[in-house]
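As structure tokens, the structure follows; a few thoughts come after it.
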Amino acid sequence: VQLQASGGGLVQAGGSLRLSCAASGRTFSRYAMGWFRQAPGKEREFVAAINWSGDSTNYADSVKGRFTISRDNAKNTAYLQMNSLKLEDAAVYYCAARLWRIASMTYEYHYWGQGTLVTVSS
């Protein structure tokens, strides 16, 4: 599966953005989707994940209550709604896919998108 992330941009602290991850192929519904982010000089870190059917999600503690992951299997797209953005949320955001179940480690995902930059200003 090929992934294309989009939706990044510049937003003020406290604002919102919605990221999208469009997947190619007809088997999108078999894949769990994850969002990760990487800030300059830092390791890539887990943000959120959703299982193949959309009825199970997992979030990093740092984004719980502010970010929401979702998916539309009919559109082959996963989303990350980001609200109440903080300066520390600024990073390149990557979407990733793995078969069936959600996971939170980068090595557990087999397919990666190219990343979309989120910049948060004060």
Side-chain angles (χ1 to χ4, degrees):
V1 61
Q2 292 184 318
L3 305 175
Q4 178 86 26
S6 62
L10 173 64
V11 63
Q12 282 192 321
S16 298
L17 276 177
R18 188 176 80 156
L19 306 183
S20 298
C21 179
S24 64
R26 295 175 291 179
T27 59
F28 176 71
S29 61
R30 299 181 185 178
Y31 291 89
M33 300 298 296
W35 285 97
F36 292 77
R37 65 188 182 187
Q38 188 166 18
K42 295 187 176 182
E43 292 188 354
R44 193 169 298 188
E45 65 174 4
F46 171 74
V47 176
I50 187 167
N51 74 335
W52 65 277
S53 63
D55 60 2
S56 179
T57 58
N58 189 25
Y59 295 92
D61 288 343
S62 59
V63 306
K64 278 181 182 177
R66 300 188 298 121
F67 291 11
T68 302
I69 189 170
S70 62
R71 66 189 297 155
D72 185 337
N73 286 346
K75 296 182 178 180
N76 282 10
T77 304
Y79 304 96
L80 185 68
Q81 177 67 43
M82 305 186 295
N83 298 329
S84 302
L85 281 159
K86 303 177 180 180
L87 294 177
E88 53 264 41
D89 292 321
V92 176
Y93 282 71
Y94 298 89
C95 60
R98 70 186 302 270
L99 283 173
W100 305 122
R101 295 181 299 174
I102 59 175
S104 60
M105 304 300 289
T106 55
Y107 67 82
E108 296 178 288
Y109 286 82
H110 309 117
Y111 305 96
W112 290 84
Q114 85 290 0
T116 185
L117 178 63
V118 173
T119 304
V120 183
S121 65
S122 59

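Heads up: numbering here begins at 1 and tracks the sequence. Fair warning: this is a prediction, and the values are worked out from it, not measured in the lab.
Considering OH of Tyr107 and CZ of Arg98, their distance stands at 9.5 Å, rounded to 0.5 Å. Between the CZ atom in Arg18 and the OG atom in Ser6 there is a gap of 9.0 Å [rounded to 0.5 Å]. The CG atom of Asp89 sits 4.0 Å away from the CZ atom of Arg66 when rounded to the nearest 0.5 Å. Separating the CE atom in Met33 from the OG1 atom in Thr57 is a distance of 14.5 Å, to the nearest 0.5 Å.
Within a 6.0 Å radius of CD in Glu88, more than 12 heavy atoms belonging to other residues, nucleotides or ligands are found. The environment of CD in Gln2 is sparse: at most 12 heavy-atom neighbours from other residues, nucleotides or ligands sit within 6.0 Å.
The aromatic rings of Phe36 and Trp112 are tilted relative to each other, their planes meeting at an angle between 30° and 60°. Using a 30° and 60° split on the angle between ring planes, Tyr93 and Phe67 fall in the tilted class, from 30° to 60°.
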Requested in this report: Take Arg30 and Trp100 through the side-chain contact (heavy atoms from CB on, under 4.5 Å) test and state the conclusion after the steps.
Outcome: CA-CA 5 Å; Arg30 299 181 185 178; Trp100 305 122; 3.7 Å; yes
Report task. Mind running salt bridge (charged side-chain N to carboxylate O under 4.0 Å, His left out) on Lys64 and Asp61 for me, showing each step along the way? Result -> CA-CA 5 Å; Lys64 278 181 182 177; Asp61 288 343; 3.2 Å; yes
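Under a hydrophobic clustering in which Ile, Leu, Val, Met, Phe, Trp and Tyr are joined whenever their side-chain heavy atoms come within less than 4.5 Å, directly or via other members, Leu117 and Leu85 fall into different clusters. If you chain together hydrophobic residues whose side chains sit under 4.5 Å apart, Tyr94 and Tyr31 never meet in one group.
Side chain of Tyr59 to main chain of Ile69: a donor-acceptor pair is present (N/O by atom type, distance under 3.5 Å, no hydrogens or angles). The main-chain N or O of Ala103 is found under 3.5 Å from a side-chain atom of Tyr109 such that the two form a donor-acceptor pair. Judged purely by atom type and a 3.5 angstrom limit, Asn76 has no side-chain atom pairing as donor or acceptor with the backbone of Phe28.
Residues meeting the side chain to side chain donor-acceptor pair (under 3.5 Å) test with Lys42, sequence neighbours left out: none.
Between Arg37 and the choices Val118, Val92, Val63, the side chain to side chain contact (heavy atoms under 4.5 Å, CB included) rule is met once, by Val63. Just one residue in the list Thr119, Leu17, Val120 forms a side chain to side chain contact (heavy atoms under 4.5 Å, CB included) with Leu10, and that residue is Thr119.
The two atoms that bring Ser16 and Asn83 nearest to each other are OG-OD1, 2.9 Å, heavy atoms only. Shown here for Met82 and Leu19, the closest heavy-atom pair between the two residues is CE-CG, 3.8 Å. Heavy atoms only, all atoms of each residue included: Leu3 and Gln114 are closest at O-OE1, 3.9 Å. What you find for Ser24 and Val1 is that their closest heavy atoms are O-CG2, 3.2 Å. Here the closest heavy-atom approach between residue Asn58 and residue Ile102 is recorded as CB-CD1, 3.8 Å. Across Leu87 and Ser121, no two heavy atoms sit closer than the pair CD2-C, 3.7 Å.
Legend: salt bridge (Lys or Arg N to Asp or Glu O under 4.0 Å) pairs involving residues 67-77, not counting sequence neighbours: none detected.
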